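For the numbers below, each heavy atom of this structure counts, side chains included, while hydrogens, waters and symmetry mates do not. As the structure is a prediction and not an experimental result, all values here were calculated from the model. A, B, ... follow the sequence lines: proteins, then strands. Residue 1 opens every chain.
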Number of protein chains: 2
Amino acid sequence: MSKHITMKDIAEKVGVSTVTVSKALNDKEGVGGELKQKIKAVAMELGYRLNTAAKSMREGLTYNIGVVIPERFTGPDQSFYLRVYQEIAKALESHGYYGILHILSSSDEQELQLPRVYYDRKVDGIILLGQISKPYIELMNSTRTPILFLDFYDDHSDIDAVVTDNFYGAYEMTNYLIRLGHRNIAFVGSIHSTSSIQDRFLGYYKSLLEHRIPLRQEWVLHDRDEHGTLIDIAMPAELPTAFVCNCDQVAYLVVQQLKNNGLRIPEDCSVVGFDNDIYATLTDPHLTTVEVDIEQLAQSSTQTMLGKIASPDLRHGRIVVPGKIIYRDSVRELL
Amino acid sequence: MSKHITMKDIAEKVGVSTVTVSKALNDKEGVGGELKQKIKAVAMELGYRLNTAAKSMREGLTYNIGVVIPERFTGPDQSFYLRVYQEIAKALESHGYYGILHILSSSDEQELQLPRVYYDRKVDGIILLGQISKPYIELMNSTRTPILFLDFYDDHSDIDAVVTDNFYGAYEMTNYLIRLGHRNIAFVGSIHSTSSIQDRFLGYYKSLLEHRIPLRQEWVLHDRDEHGTLIDIAMPAELPTAFVCNCDQVAYLVVQQLKNNGLRIPEDCSVVGFDNDIYATLTDPHLTTVEVDIEQLAQSSTQTMLGKIASPDLRHGRIVVPGKIIYRDSVRELL
DNA sequence: CTGAAAGCGCTTACAG
DNA sequence: CTGAAAGCGCTTACAG
């Protein structure tokens, strides 16, 4: 193996000290303009690459951020969080940081085992992507490592979170349906399952309230069991004219089920989703849905995390990233 | 911020030197059994965590592996490589290593810009996941960083690669169809697009050859343009009784197209896929397909990479991971 | 079995 | 504007 080039090599070649090389390469004050150019040129010529480990030790920063996703959100048919991770990795890189992914196994979550990145002191902070058990949140919170929740939050008011505006997205979507003449509108989603679903439900409910449409409990449909596993949806005896589904995958299943019952979408029944993921265009007809702004989610969480590392005591609160309705073909206007 | 605990803190508390602490914590020789236990107990009590940066600098290893995926393989509807990455991250962690994901933008690929992880000396080796342009391969190869191809290979006989056994998988699948009485079998996939598709085609062809079934060029169908974008498939005038598709997504599209032409699957026409990804069970009927063993792919590539880091001059060659036929409902027996 | 010394490559005060 | 000194936390010879 050819030895790595260090600042010392550059210093010797140029005939200055390593201190000066360090200053020049980092654009710090205290080096003459001409000398600085010279040093940079020689660095380039020699193929110098910074030894990050040395810098890390010196500064006490790893320039890594851990991204922890509970494994139940990473099945073969759930790529959403992996896509978020991908965007986070990109966003971090543009700030000179790197992401390290950790899939948290369900057993580690139950047994309150912290991710290895923590014990190896591999990261300067941890982004928790996807709702996790309360005891685990407590545990993470007790580590004094900067923590950020992404795509969920709970009653830990002392932890910062970045979330999609689930509430407002579902509210706007329901308003849209009502504007088209719908008044019999169901919500599909188990409202005690995750805070996302709960907030989407509340947005739907607010829209009903504002329009003085009573909430009918038999039109709030369960879509998953207590483990989060999707279950068959029990259709109500009296059918609504529209279904607000808590996500595209469930909307896809609802459409299938309605079709099996001989109904046409959207002629007989309108169905809307949330997320604008692969299921939105896999459904026939393509779903009207709310697009989650993954890129913005990634950027906000990256910036917030870097801010927390720089000033650990600064509070950021709950940062809400708005979504956007994508109009497609699964909704019909009622006359 | 509370100061971090170091080996020195442990050493002082126990009344020994940091050398002894280091030996004890790393299970190295030269520490008495009882003392070792004592040291470990105190480390635990104090909540000691290794400073990886210091270890890294000392040993010249980052304990990180870069995983580079060209961005064209990471669209919203392509989660396969992200899932492979996820498994690699897991496999690496069990070896005390971590993965750092880098999505290679198409412009960086064209302009031969190496990933930042390289310049920041963030990784001990790079796994290239997904076919990449030849000039870029040359470039990577010139860096003297250990490189491993994953899920593709080309004529660089001096680079190691881990691939799914595309050839054998398609060969077995075609054999299966022939065993069921099919003799008019088409292949769907642009055979100059990627080496995976090419190898799957060759496996299909070998099966035909062995059974003395002539290859009909009009039954080798294009499915994507030169950019890899999927295109409408031009069905041949005379229809075969079975389609061997190069991947599940394309099988899904073929099924749709055949259905639109009024054909029933599998009664009128059999269709098989490859990958066993989300499209396999999204298709109606569910696809008979070849499952790619993602976990094994991840483990083999991780082990090979760690082997290369330990012994840079050792050659590993092309490591082939077998797939497995998953029998479902898209194939019918011809009598 | 235990420890003093040296060094990995960098950056931050501080002195000139 | 430039550089000598010190130190980040660890581990590897080496000496006792």
Return the value, rounded to whole Å, for the distance between atom [atom1] of [X] and atom [atom2] of [N].
X: A/D120; N: D/dG9; atom1: CG; atom2: P; result: 17 Å
X: A/K8; N: C/dG9; atom1: NZ; atom2: P; result: 9 Å
X: A/M57; N: D/dA6; atom1: CE; atom2: P; result: 17 Å
X: A/Y63; N: D/dC8; atom1: OH; atom2: C1'; result: 13 Å
X: B/N26; N: D/dC10; atom1: CG; atom2: C1'; result: 9 Å
X: A/E59; N: C/dG9; atom1: CD; atom2: P; result: 17 Å
X: A/R121; N: D/dC8; atom1: CZ; atom2: P; result: 13 Å
X: A/E29; N: D/dG3; atom1: CD; atom2: C1'; result: 17 Å

Could you work out which one of [options] sits closest to the side chain of [X]?
X: B/S17; options: D/dC10, C/dA4, C/dG9; value: C/dA4
X: A/V31; options: D/dA5, D/dT2, C/dT2; value: D/dT2
X: A/M7; options: C/dG3, D/dC10, C/dC10; value: C/dC10
X: B/V19; options: D/dG3, C/dA5, C/dC10; value: C/dA5

Tell me whether B/R318 forms a cation-pi arrangement with B/Y153, defined as NZ or CZ under 6.0 Å from the six-membered ring centre and within 45 degrees of its axis.
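That pair qualifies as a cation-pi contact.
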Here's one to test your reading of the geometry: is the NZ or CZ of A/K55 within 45 degrees of the ring axis of A/Y63 and under 6.0 Å from its centre?
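The answer is yes; both the distance and angle limits are met.
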Between B/M305 and B/I126, what is the shortest heavy-atom contact and its length?
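That closest heavy-atom pairing would be CE-O, 3.2 Å.
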What's the verdict on side chain to side chain donor-acceptor pair (under 3.5 Å) for A/N64 and B/Y98, showing C-alpha distance, side-chain angles and the deciding distance?
CA-CA 11 Å; A/N64 294 145; B/Y98 292 93; over 6 Å; no
Is any side-chain nitrogen or oxygen of [X] closer than 4.0 Å to OP1 or OP2 of [N]?
X: B/T6; N: D/dG9; answer: no
X: A/Y48; N: C/dG9; answer: no
X: A/K23; N: C/dC10; answer: no

Over 60° means perpendicular and under 30° means parallel, so tell me whether A/Y85 and B/Y85 are parallel, tilted or perpendicular.
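Parallel: the ring planes of A/Y85 and B/Y85 meet at under 30°.
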Verify the distance criterion only: is there a donor paired with an acceptor across the side chains of A/E71 and A/S106 at less than 3.5 Å?
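Yes - a donor-acceptor pair under 3.5 Å links their side chains.
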Parsed dot-bracket for DNA chain D after applying the Watson-Crick and G-U rules with both distances under 3.5 Å and | for other-strand partners is |||.||||||||.|||
Both B/V16 and B/A54 contact DNA chain C. Which one's nearest nucleotide lies toward the 5' end?
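Of the two residues, B/V16 wins.
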Which residue lies toward the 5' end of DNA chain D, A/T18 or A/G32, if each is placed at its nearest nucleotide?
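Between the two, 5'-proximity favours A/G32.
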Take B/E295 and B/K90 through the test salt bridge (charged side-chain N to carboxylate O under 4.0 Å, His left out) and record every step on the way to the result.
CA-CA 9 Å; B/E295 214 172 307; B/K90 272 197 227 166; over 6 Å; no
